Amino acid sequence: GAGAGGDGKKKENKDGLDAKKEEDFATWYNQIVVRSELIEFYDISGCYVLRPWSYAMWDRVREFLDAEIRKRGVENAYFPLFVSEARLNAEKDHVEGFMPEVAWVTRSGQAELEEHVAVRPTSETIMYPSFSKWIRSHRDLPLKINQWSNVVRWEFKHPTPFLRSREFLWQEGHTAYSTLEQASGEVVDVLSIYKQVYEDILAVPVIRGTKSEIEKFAGGLYTTTVEGFIPANGRAIQGATSHCLGQNFAKMFNILFEDEHGVRQMVWQNSWGLTTRTLGVMIMVHGDNTGLVLPPRVAPVQCVIIPILKPKDPAATAAVQERTDAVKEELSAVGIRVRVEDRQDKTPGWKYNFWELKGVPLRIELGPRDVENSVVTACKRFNGEKVSVSNDGLAGAVQSMLDDIQAAMLNRAREERDSRISRADSWAGFMAGIESANMVLTPWCKNSDCEESVKSRSGIESRQAASGQEEDVRGLTGSAKTLCMPFDEELARIGAEKPREGDSCFACDAQAQDLCLW
């Protein structure tokens with residue numbers, strides 16, 4: 001079989017991967033999501049079938065996240081898929097932000113509808129008229145609602161499975177509070193849950209921070225984000241967002257409450273969401289040239305047992321089968337998700353390759369010699385390491401290995417991500433970092449005009465630098481944009497200090513207000 005770490009020679013065929021992650025990232029990604037049985041392409045561009053292997057991973061994310069938000073008193077509900085044109089247009093900034101990607105229903109059969117209805121791109125304007133009915137008094141607050149659903153955003157950019165699709169699955173939380181302080185506390189708390197999803201479940205390191213005015217949620221007060229990074233293509237990616245909406249929507253939808261003194265006040269609102277994009281980020285960060293590499297906590301199957309049978313030796317075969325059943329039972333009893341690969345028409349080598357492609361964290365090989373020696377042979381997917389494990393205390397040893405794999409995958413990804421954060425105080429240093437396909441941390445004035453100038457100027461210089469050169473397979477020519485202004489804890493972790501009086505913005509020489517990641 002191919003080496004589990006991805007270095008082994010594998011025959012190039014339609015079952016495995018023939019594109020290399022480091023050479024042709026886009027083709028590699030399209031091959032891995034199809035050949036590992038995560039998705040099936042569909043006849044409408046930007047729409048994909050989520051197969052059981054990927055949906056089981058989404059279930060893992062959803063189970064964790066749902067439990068966390070329920071602990072905080074959030075209740076699940078479901079609102080309609082459609083929104084009237086009048087409702088959608090109620091908050092001007094909000095609708096302008098979404099209008100280019102709204103899909104409309106205009107006909108019923110052959111008859112034109114009197115009023116066109118939109119398919120939800122997000123549910124603020126769908127939910128908030130109900131909020132205005134449900135909230136009357138301070139005793140009705142806080143109101144905390146979450147919805148697990150699909151949304152449609154008719155993107156016309158290049159669609160990418162999990163990352164940019166016209167329909168995707170997500171949760172959207174919508175809450176209302178009596179004070180800004182309470183609302184702001186929840187914004188950061190929810191963001192910490194999103195960080196846990198990425199780091200504790202998916203073993204993907206993220207950076208928490210606040211979005212710029214240009215990049216914040218349309219119609220909101222401010223937006224916080226967890227930002228991931230894909231080392232293989234040098235791209236940062238927004239992992240999930242938690243928005244403080246302020247009172248804009250309360251004003252538009254008349255969401256008022258009577259406070260303890262009988263005074264009518266507008267509520268303060270938040271919205272926050274995490275999508276199936278999580279899976280795409282995880283695949284891109286951890287996958288290798290052999291296939292998926294799944295962290296144990298998200299893997300649908302954590303351990304696959306492959307019995308090595310000797311058909312010409314019935315006694316040995318029976319002993320292996322009996323031991324296989326016992327191992328499966330022992331592991332299942334402690335909650336390990338385990339599967340036995342017992343197809344008769346496939347060779348052990350084929351089975352190794354198949355389950356490596358599927359990314360299962362741990363493979364247990366069990367042959368006659370293992371049975372004789374009261375051991376099993378365990379192979380770790382993420383680094384190819386093989387170890388012999390005694391039958392005594394096997395379940396505990398396997399669980400410990402899975403825990404170690406989870407931690408090691410996060411550490412490895414974090415070290416690589418950290419090595420790709422450049423720091424720059426000047427424009428030249430900034431462009432050097434961007435052209436090295438790194439994220440760049442700079443002192444910044446936080447001015448929107450400066451941000452637009454950086455976008456434009458970096459795009460021009462990037463294209464000039466690329467002209468006449470062979471095309472970079474990562475396709476990194478383009479404009480730099482702000483990712484976030486990292487929280488203080490994130491800056492402290494990497495040993496960065498906020499700007500002081502007299503420190504200049506890297507791009508325009510005005511007083512720097514904060515450190516910004518680009």
Side-chain angles (χ1 to χ4, degrees), residues 68-69 71-75 77 90-98 122-147 171-195 208-227 238 240-274 446-448 482 484-491 498 513-514 516:
E68 287 298 318
I69 62 177
K71 282 181 200 170
R72 291 157 170 82
V74 179
E75 296 181 293
E91 213 296 331
K92 189 170 72 70
D93 290 339
H94 177 70
V95 73
E96 279 178 8
F98 282 101
T122 180
S123 296
E124 281 77 5
T125 58
I126 296 173
M127 292 185 176
Y128 296 166
S130 295
F131 280 28
S132 72
K133 294 175 189 168
W134 299 345
I135 297 169
R136 287 282 180 264
S137 154
H138 64 91
R139 284 180 289 272
D140 299 322
L141 295 171
L143 178 65
K144 303 181 185 183
I145 299 291
N146 179 65
Q147 169 170 275
Q171 59 72 217
E172 50 177 320
H174 294 268
T175 57
Y177 288 89
S178 56
T179 68
L180 174 58
E181 186 182 15
Q182 290 172 335
S184 294
E186 183 197 66
V187 168
V188 178
D189 185 38
V190 166
L191 202 70
S192 72
I193 306 174
Y194 290 162
K195 183 181 171 85
R208 290 167 300 155
T210 307
K211 287 284 188 187
S212 70
E213 282 296 299
I214 287 176
E215 294 291 332
K216 76 177 184 182
F217 183 71
L221 183 62
Y222 63 88
T223 288
T224 65
T225 178
V226 287
E227 297 286 326
Q238 180 178 290
T241 46
S242 181
H243 316 286
C244 181
L245 302 179
Q247 295 180 309
N248 271 0
F249 289 90
K251 188 182 295 180
M252 294 302 157
F253 290 98
N254 206 34
I255 310 174
L256 305 170
F257 71 99
E258 203 171 87
D259 69 15
E260 294 91 332
H261 309 294
V263 179
R264 301 256 285 168
Q265 306 270 13
M266 286 190 293
V267 298
W268 295 87
Q269 290 176 266
N270 297 332
S271 70
W272 29 273
L274 177 140
K446 294 174 68 172
N447 186 298
S448 293
T482 57
C484 69
M485 284 152 281
F487 289 172
D488 290 351
E489 307 98 292
E490 301 287 349
L491 293 174
K498 292 217 175 207
Q513 301 295 329
D514 208 341
C516 184

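Note that the structure is a prediction, hence the values are computed from the model and not measured. Heavy-atom basis, side chains included; hydrogens, waters and symmetry copies ignored.
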### Query
Among all residues two or more places apart in sequence or in another chain, which pass the side chain to side chain contact (heavy atoms under 4.5 Å, CB included) test with Ser192?
Asp189
### Message
Restricting to side chain to side chain contact (heavy atoms under 4.5 Å, CB included), what partner residues turn up for Leu256, sequence neighbours left out?
### Response
Asn254, Arg264, Met266
Please name all residues satisfying side-chain hydrogen bond (donor to acceptor under 3.5 Å, both in side chains) with [X], sequence neighbours left out, ordered by chain then number.
X: Trp272; value: Glu186
X: Lys446; value: none
X: Thr482; value: Ser212, Glu451
X: Ser178; value: Gln182

Using the salt bridge (charged side-chain N to carboxylate O under 4.0 Å, His left out) rule, collect all pairs that involve [range], keeping only residues at least two apart or in two chains.
range: residues 210-227; answer: Lys211-Glu227, Glu213-Lys216, Glu215-Lys455, Glu215-Lys481
range: residues 133-145; answer: none
range: residues 243-260; answer: none

### Worked check of side chain to side chain contact (heavy atoms under 4.5 Å, CB included) between Gln269 and Thr175
CA-CA 6 Å; Gln269 290 176 266; Thr175 57; over 6 Å; no
### Query
Does Tyr194 have any ring-ring contact (aromatic ring centres under 6.0 Å, His included) partners at least two apart in sequence or in another chain, and if so, which?
none
### Task
Indicate yes or no: does Lys195 engage Glu490 in a salt bridge with an N to O separation below 4.0 Å.
yes
### Task
Would you please classify the geometry between the Phe131 ring and the Tyr128 ring as parallel, tilted or perpendicular, with 30° and 60° separating the classes?
tilted
### Task
Go through the structure and list residues passing salt bridge (Lys or Arg N to Asp or Glu O under 4.0 Å) with Glu172, not counting sequence neighbours.
none
